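Structure, as structure tokens:
As the structure is a prediction and not an experimental result, all values here were calculated from the model. In what follows, residues are counted from 1 in the order of the sequence shown.
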Amino acid sequence: MTDTILTPERKGFIVVTDTIPANSGEDVSDAIQALIDANPNRTIYFPDGVYLLAKPICGPADPLLSGGLQLSSCAVLKAAGGWNHDEAMVRLGGEHAANNIYTIGSNYSFTGGIVDGSGVADGISIDSGRETAIREVSIKHTRIGIHIKHGANSGSSDADIMSVNIVGNGARDSVGVLVHGYDNSFTNMRIAKVFYGFDIHSGGNVLKNIHPLYTCDYTDYTETCAFLDHAQDNWYNFCYSDQFSIGFRTTGSGRCTYESCFCFWYSSAGKYLTAFRADNKFNAIVEHIKVGFREDTENTFLFVGEPGGAGVVENPAFRETLVKDEDYKDYLQGRIVY
């Protein structure tokens, strides 16, 4: 019977603990990097245990050198004490940059396990390459959970992030996901203990079933935001701002689409609540948004920084008697449902 079990060895994976011990309490970042570099086009498998990193580890983006990093459910990459690096703990495409989807090996990935920033480090970044995937990962105690840098394909990074949970370090500069590269998809994510859930500086991104939950202290609470968008042409579907002071905010042209999204507040902390804020003109398409305001707070459904804009609010669901603003009436189509 045991001969039929597909262990990592039988799958042909490179098993880290064959040469690098888990739970050693020592920095193993150089040893892991050497293992990655020595095994192009292979999957590097991390069994259960804690692997301390005192410096970032890099995966190659060049399809002839790239591979996959796969962690067991209880394998932990943990930032060692004294971490002092600006780069993330794991840098996908952090060496041998490439823009190549035609050569076999271009679809490198990070799958499973736990990345623990020990309260100071950033988690995972995508530095180069295309077709990069991050999936089924738990990212804990990080300043920035995931950072997608300016993409290799004329700015496009074309990455897919799915089924990832992020818990930040609660600091004023903490971010769940920071996006500079274009054309990425984000699905089925939970984010907590961050000041900003998503901070997006690029377009062409799709976000579906994303749930940032505010669990920090309430210092500077009025600036907290679940979805902060500095760009345009992003699509949000079933995204849920939970307890952030501002649910959705645009700072640029704001030409994004929001479908069936949510904002809810229930904690007794915080006084000023805003469902949607456009720092400039309001140009977004907001369809079927549902907002649950508190009765003891100063509530704004839509704040508009500059008059005008071609935005549309269609069939929102909120209690008009709980809001102090009337800006939304200039953009309202359909009826308010509650």
* Asked: Linking I/L/V/M/F/W/Y whenever any side-chain heavy atoms sit under 4.5 Å apart, do I126 and Y182 land together?
  -> no

* Run the numbers on D279 and T251 for side-chain hydrogen bond (donor to acceptor under 3.5 Å, both in side chains), then give the verdict. => CA-CA 5 Å; D279 286 9; T251 67; 5.5 Å; no

* Under 3.5 Å donor-acceptor, S66 side chain and G105 backbone -> yes

* To do: Could you tell me whether the side chains of D242 and Y266 share a donor-acceptor contact shorter than 3.5 Å?
  => yes

* Mind checking whether Y196 and V164 sit in one hydrophobic cluster, side chains of I, L, V, M, F, W, Y counted as touching below 4.5 Å? -> no

* Are T224 and F195 side-chain neighbours, meaning at least one heavy-atom pair lies under 4.5 Å? -> yes

* Greater than 12 external heavy atoms within 6.0 Å of K193's NZ -> no

* To do: Under the ring-ring contact (aromatic ring centres under 6.0 Å, His included) rule, what do Y221 and F244 come out as? Steps first, then yes or no, please.
  => CA-CA 8 Å; Y221 175 68; F244 285 81; 8.2 Å; no

* Report the relative orientation of the aromatic rings in Y240 and H211; use parallel for angles under 30°, tilted for 30 to 60°, perpendicular for over 60°. => parallel

* **Ring centre gap for F276 and Y328 strictly below 6.0 Å** => no

* Are any of the side-chain heavy atoms of D37 and E95 separated by less than 4.5 Å? -> yes

* Is D296 atom CG crowded by more than 12 heavy atoms from other residues, nucleotides or ligands, each under 6.0 Å away? -> yes

* Give the intermediate values and the outcome of side-chain hydrogen bond (donor to acceptor under 3.5 Å, both in side chains) for residues T111 and R135. => CA-CA 5 Å; T111 305; R135 52 192 174 225; 3.1 Å; yes

* Please assess F198 against F186 for the test ring-ring contact (aromatic ring centres under 6.0 Å, His included), listing each intermediate value before the final yes or no. => CA-CA 11 Å; F198 263 73; F186 304 89; 5.1 Å; yes

* Would one find more than 12 heavy atoms of other residues, nucleotides or ligands at under 6.0 Å from atom CD of E326? -> no

* To do: Please indicate whether D217 has more than 12 foreign heavy atoms, meaning atoms of other residues, nucleotides or ligands, lying under 6.0 Å from its CG.
  => yes

* Under 3.5 Å, is there a donor-acceptor pair between the D229 and Y236 side chains? -> yes

* Asked: Short question: side chain of N188, backbone of M162 - any donor-acceptor pair under 3.5 Å?
  -> no

* Any donor-acceptor N or O pair under 3.5 Å, side chains T43, Q70 -> no

* Examine H201 together with H230 and report whether their ring centres are nearer than 6.0 Å. => yes

* Asked: Backbone N or O of F301 within a donor-acceptor pair of the D325 side chain at under 3.5 Å?
  -> yes

* Checking side-chain hydrogen bond (donor to acceptor under 3.5 Å, both in side chains) for the pair S157/N184: CA distance, chi angles, key distance, verdict? -> CA-CA 7 Å; S157 37; N184 309 287; 2.8 Å; yes

* Look only at the side chain of R294 and the backbone of G270, and say whether a donor-acceptor pair between them is shorter than 3.5 Å. => yes

* Taking S267 for the side chain and A269 for the main chain, is one N or O donor matched with an acceptor at less than 3.5 Å? -> yes

* To do: For atom CZ of R335, decide whether the heavy atoms of other residues, nucleotides or ligands shown that lie under 6.0 angstrom number more than 12.
  => no

* Expected output: side-chain N165 to main-chain S138 donor-acceptor under 3.5 Å -> no

* Regarding S185 and D160, is there a side-chain donor-to-acceptor distance under 3.5 Å anywhere? -> yes

* To do: Report yes if the distance between the aromatic ring centroids of F318 and Y338 is under 6.0 Å, otherwise no.
  => no

* Quick one: do the R91 and S125 side chains pair a donor with an acceptor below 3.5 Å? -> no

* To do: Tell me yes or no: between the side chains of H141 and D116, is some donor less than 3.5 Å from an acceptor?
  => yes

